[in-house]
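The chain is numbered in sequence order, starting from 1. None of the values given here were measured: they were computed from a predicted structure.
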Amino acid sequence: MASVYTDLAALQLAAQTNGANRPSLPSYGGKVFMANVSKTAYTAATADPLYLIRLPKGARVIPQLCVVDHGDAGDACTGTVGYIYDDGTGDADGYSTGLALGGSAGFESFASTAGAASLTPVVLAEDAWVYVTWGTVTNGASHTQTWHIAYDLG
(Lines give C-alpha, C1' and ligand atoms only; values in the text may rest on other atoms or scores of the structure.)
Protein backbone atom coordinates (compact mmCIF):
# COMPACT_ATOMS: atom_id res chain seq x y z
CA MET A 1 0.00 0.00 0.00
CA ALA A 2 1.43 3.40 -1.02
CA SER A 3 1.56 6.39 1.33
CA VAL A 4 -0.03 9.43 -0.27
CA TYR A 5 0.49 12.95 1.12
CA THR A 6 -1.27 16.27 0.53
CA ASP A 7 0.93 19.22 -0.46
CA LEU A 8 1.09 20.39 3.15
CA ALA A 9 1.71 16.91 4.55
CA ALA A 10 4.60 16.38 2.10
CA LEU A 11 6.23 19.62 3.29
CA GLN A 12 5.71 18.61 6.92
CA LEU A 13 7.27 15.23 6.23
CA ALA A 14 10.32 16.87 4.64
CA ALA A 15 10.60 19.26 7.60
CA GLN A 16 11.13 16.31 9.94
CA THR A 17 14.62 15.90 8.53
CA ASN A 18 15.33 19.48 7.42
CA GLY A 19 13.82 22.31 9.47
CA ALA A 20 14.44 24.72 6.59
CA ASN A 21 11.62 22.94 4.75
CA ARG A 22 9.07 23.80 7.44
CA PRO A 23 5.93 25.08 5.71
CA SER A 24 4.22 28.33 6.61
CA LEU A 25 0.96 27.17 8.20
CA PRO A 26 -0.87 30.49 7.65
CA SER A 27 -0.55 29.96 3.90
CA TYR A 28 -2.54 26.75 4.38
CA GLY A 29 -5.43 28.26 6.30
CA GLY A 30 -4.33 30.35 9.25
CA LYS A 31 -6.61 31.05 12.17
CA VAL A 32 -10.34 30.73 11.47
CA PHE A 33 -12.70 33.39 12.82
CA MET A 34 -16.49 33.16 13.11
CA ALA A 35 -18.65 36.28 13.03
CA ASN A 36 -22.26 35.91 14.16
CA VAL A 37 -24.40 38.85 13.03
CA SER A 38 -28.18 39.29 13.31
CA LYS A 39 -30.95 41.35 11.77
CA THR A 40 -34.17 41.33 13.80
CA ALA A 41 -37.69 42.34 12.76
CA TYR A 42 -36.49 42.13 9.16
CA THR A 43 -38.69 41.88 6.09
CA ALA A 44 -36.53 41.25 3.03
CA ALA A 45 -37.22 43.28 -0.09
CA THR A 46 -36.26 42.45 -3.67
CA ALA A 47 -32.98 44.07 -4.79
CA ASP A 48 -32.31 45.69 -1.38
CA PRO A 49 -28.84 44.60 -0.24
CA LEU A 50 -28.39 43.51 3.37
CA TYR A 51 -24.82 44.25 4.43
CA LEU A 52 -23.68 41.52 6.82
CA ILE A 53 -20.10 42.38 7.79
CA ARG A 54 -17.13 44.41 6.60
CA LEU A 55 -13.95 42.34 6.41
CA PRO A 56 -10.39 43.62 6.13
CA LYS A 57 -8.01 43.34 3.22
CA GLY A 58 -6.49 39.85 3.19
CA ALA A 59 -9.56 38.12 4.65
CA ARG A 60 -10.87 34.98 2.96
CA VAL A 61 -14.47 33.86 3.57
CA ILE A 62 -14.88 30.08 3.89
CA PRO A 63 -18.32 29.59 2.30
CA GLN A 64 -18.46 25.89 3.20
CA LEU A 65 -18.63 26.89 6.90
CA CYS A 66 -21.16 29.74 6.53
CA VAL A 67 -24.87 29.45 7.34
CA VAL A 68 -27.89 31.63 8.05
CA ASP A 69 -30.41 30.75 10.76
CA HIS A 70 -33.79 32.31 10.03
CA GLY A 71 -37.37 32.61 11.12
CA ASP A 72 -40.29 32.35 8.69
CA ALA A 73 -39.19 34.63 5.85
CA GLY A 74 -42.48 34.35 3.93
CA ASP A 75 -43.44 32.11 1.02
CA ALA A 76 -40.17 32.56 -0.88
CA CYS A 77 -36.98 34.47 -0.22
CA THR A 78 -34.06 33.72 -2.53
CA GLY A 79 -30.87 35.69 -2.93
CA THR A 80 -27.17 35.72 -3.61
CA VAL A 81 -24.30 36.27 -1.18
CA GLY A 82 -21.11 37.97 -2.28
CA TYR A 83 -18.65 40.74 -1.55
CA ILE A 84 -18.29 44.33 -2.72
CA TYR A 85 -15.39 46.76 -2.52
CA ASP A 86 -15.84 50.49 -1.95
CA ASP A 87 -15.39 51.15 -5.69
CA GLY A 88 -18.43 48.95 -6.47
CA THR A 89 -16.48 46.00 -7.87
CA GLY A 90 -16.62 42.51 -6.37
CA ASP A 91 -18.73 39.44 -6.94
CA ALA A 92 -22.42 39.59 -6.01
CA ASP A 93 -22.81 35.80 -5.91
CA GLY A 94 -19.26 34.71 -5.12
CA TYR A 95 -20.24 32.86 -1.94
CA SER A 96 -23.76 31.63 -2.77
CA THR A 97 -25.67 31.78 -6.05
CA GLY A 98 -29.22 31.12 -4.88
CA LEU A 99 -29.63 30.91 -1.11
CA ALA A 100 -33.30 30.09 -0.49
CA LEU A 101 -35.05 30.66 2.83
CA GLY A 102 -38.23 28.65 3.08
CA GLY A 103 -41.64 29.46 4.49
CA SER A 104 -40.71 28.15 7.93
CA ALA A 105 -37.87 28.67 10.36
CA GLY A 106 -34.63 26.84 9.61
CA PHE A 107 -31.09 27.29 8.44
CA GLU A 108 -29.37 27.32 5.08
CA SER A 109 -25.74 26.72 4.22
CA PHE A 110 -23.94 28.79 1.61
CA ALA A 111 -22.59 25.48 0.32
CA SER A 112 -26.08 24.38 -0.77
CA THR A 113 -25.78 26.84 -3.68
CA ALA A 114 -22.03 27.36 -3.80
CA GLY A 115 -20.58 30.31 -5.65
CA ALA A 116 -17.27 30.51 -7.46
CA ALA A 117 -15.38 31.44 -4.26
CA SER A 118 -16.26 28.01 -2.87
CA LEU A 119 -14.14 26.37 -5.57
CA THR A 120 -11.48 29.07 -5.95
CA PRO A 121 -11.05 30.93 -2.64
CA VAL A 122 -10.93 34.72 -2.87
CA VAL A 123 -8.52 36.70 -0.72
CA LEU A 124 -9.97 40.20 -0.45
CA ALA A 125 -7.75 42.71 -2.23
CA GLU A 126 -9.14 45.59 -0.10
CA ASP A 127 -11.57 46.00 2.79
CA ALA A 128 -14.95 44.75 1.55
CA TRP A 129 -18.54 44.15 2.60
CA VAL A 130 -20.06 40.68 2.63
CA TYR A 131 -23.69 41.13 1.64
CA VAL A 132 -26.83 39.42 0.43
CA THR A 133 -29.12 40.68 -2.33
CA TRP A 134 -32.61 39.22 -2.52
CA GLY A 135 -33.72 38.39 -6.05
CA THR A 136 -37.10 36.92 -5.09
CA VAL A 137 -39.28 37.81 -2.12
CA THR A 138 -42.86 36.52 -2.11
CA ASN A 139 -45.17 37.47 0.78
CA GLY A 140 -42.21 38.66 2.86
CA ALA A 141 -42.70 38.25 6.61
CA SER A 142 -40.92 39.98 9.48
CA HIS A 143 -38.42 37.59 10.99
CA THR A 144 -34.93 37.33 12.48
CA GLN A 145 -31.85 36.24 10.56
CA THR A 146 -28.56 35.28 12.22
CA TRP A 147 -25.65 34.93 9.84
CA HIS A 148 -22.57 32.87 10.75
CA ILE A 149 -19.67 34.01 8.58
CA ALA A 150 -16.44 31.98 8.78
CA TYR A 151 -13.22 33.57 7.51
CA ASP A 152 -9.48 33.52 7.97
CA LEU A 153 -6.85 36.20 7.71
CA GLY A 154 -4.20 33.98 6.16
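The side-chain hydrogen bond (donor to acceptor under 3.5 Å, both in side chains) test applied to T146 returns S38, not counting sequence neighbours. When the side chain to side chain contact (heavy atoms under 4.5 Å, CB included) test is applied to S142, the partners found at least two apart in sequence or on another chain are A41, T43. With sequence neighbours excluded, the residues that form a side-chain hydrogen bond (donor to acceptor under 3.5 Å, both in side chains) with N139 are D75. With sequence neighbours excluded, the residues that form a side chain to side chain contact (heavy atoms under 4.5 Å, CB included) with T6 are L8, A9. Checked against ring pair (Phe, Tyr, Trp, His ring centres under 6.0 Å), F33 has the following partners two or more places apart in sequence or in another chain: Y151.
For the atom pair T136 OG1 and L101 CG, the distance stands at 11.5 Å (nearest 0.5 Å). A distance of 11.5 Å separates CG in D152 from NZ in K31, rounded to the nearest 0.5 Å.
Under the 4.5 Å side-chain criterion, counting only non-hydrogen atoms from C-beta, Y51 is not in contact with V37.
Of all heavy-atom pairs between T97 and G115, the closest is CG2-CA, 3.8 Å. Residues A100 and T78 come closest through the heavy atom pair CB-OG1, 3.8 Å. Residues A44 and V137 share a closest heavy-atom pair of O-CG1, 3.4 Å.
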message = Does L52 form a side-chain contact (heavy atoms from CB on, under 4.5 Å) with L50? I'd like the steps, not just the answer.
response = CA-CA 6 Å; L52 305 174; L50 171 60; 4.0 Å; yes
request  = Apply the test side-chain contact (heavy atoms from CB on, under 4.5 Å) to residues Y95 and I149: give CA-CA distance (whole Å), side-chain angles for both, the deciding distance (0.1 Å), then the verdict.
outcome  = CA-CA 11 Å; Y95 302 129; I149 310 297; over 6 Å; no
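Hydrophobic cluster membership of Y5, counting Ile, Leu, Val, Met, Phe, Trp and Tyr whose side-chain heavy atoms lie under 4.5 Å apart directly or via other members: L13.
Within the structure, every pair that satisfies the side chain to side chain donor-acceptor pair (under 3.5 Å) test and touches residues 102-117, not counting sequence neighbours, is listed here: S96-T113.
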Counting only pairs under 3.5 Å, give me each side-chain donor-acceptor contact of residues 83-93, with atom names and distances, residues two or more places apart or in other chains.
from, atom 1, to, atom 2, distance (Å)
Y85, OH, A125, N, 3.0
D86, OD1, R54, NH1, 3.0
D86, OD1, R54, NH2, 3.3
D86, OD2, R54, NH2, 2.9
D87, OD1, T89, N, 2.9
D87, OD1, T89, OG1, 2.6
D91, OD1, D93, N, 3.3
D91, OD1, G94, N, 3.3

Donor-acceptor pairs under 3.5 angstrom involving side-chain atoms of residues 126-135: please list them, not counting sequence neighbours.
from, atom 1, to, atom 2, distance (Å)
D127, OD1, K57, N, 2.9
W134, NE1, Y42, OH, 2.8

Solution key, residues 61-73 side-chain donor-acceptor pairs under 3.5 Å, sequence neighbours excluded:
from, atom 1, to, atom 2, distance (Å)
Q64, NE2, S118, O, 2.9
D69, OD2, H148, NE2, 2.6
D72, OD1, G74, N, 2.9

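Under a 3.5 Å cut-off, the side chain of T17 and the backbone N or O of A14 do form a donor-acceptor pair.
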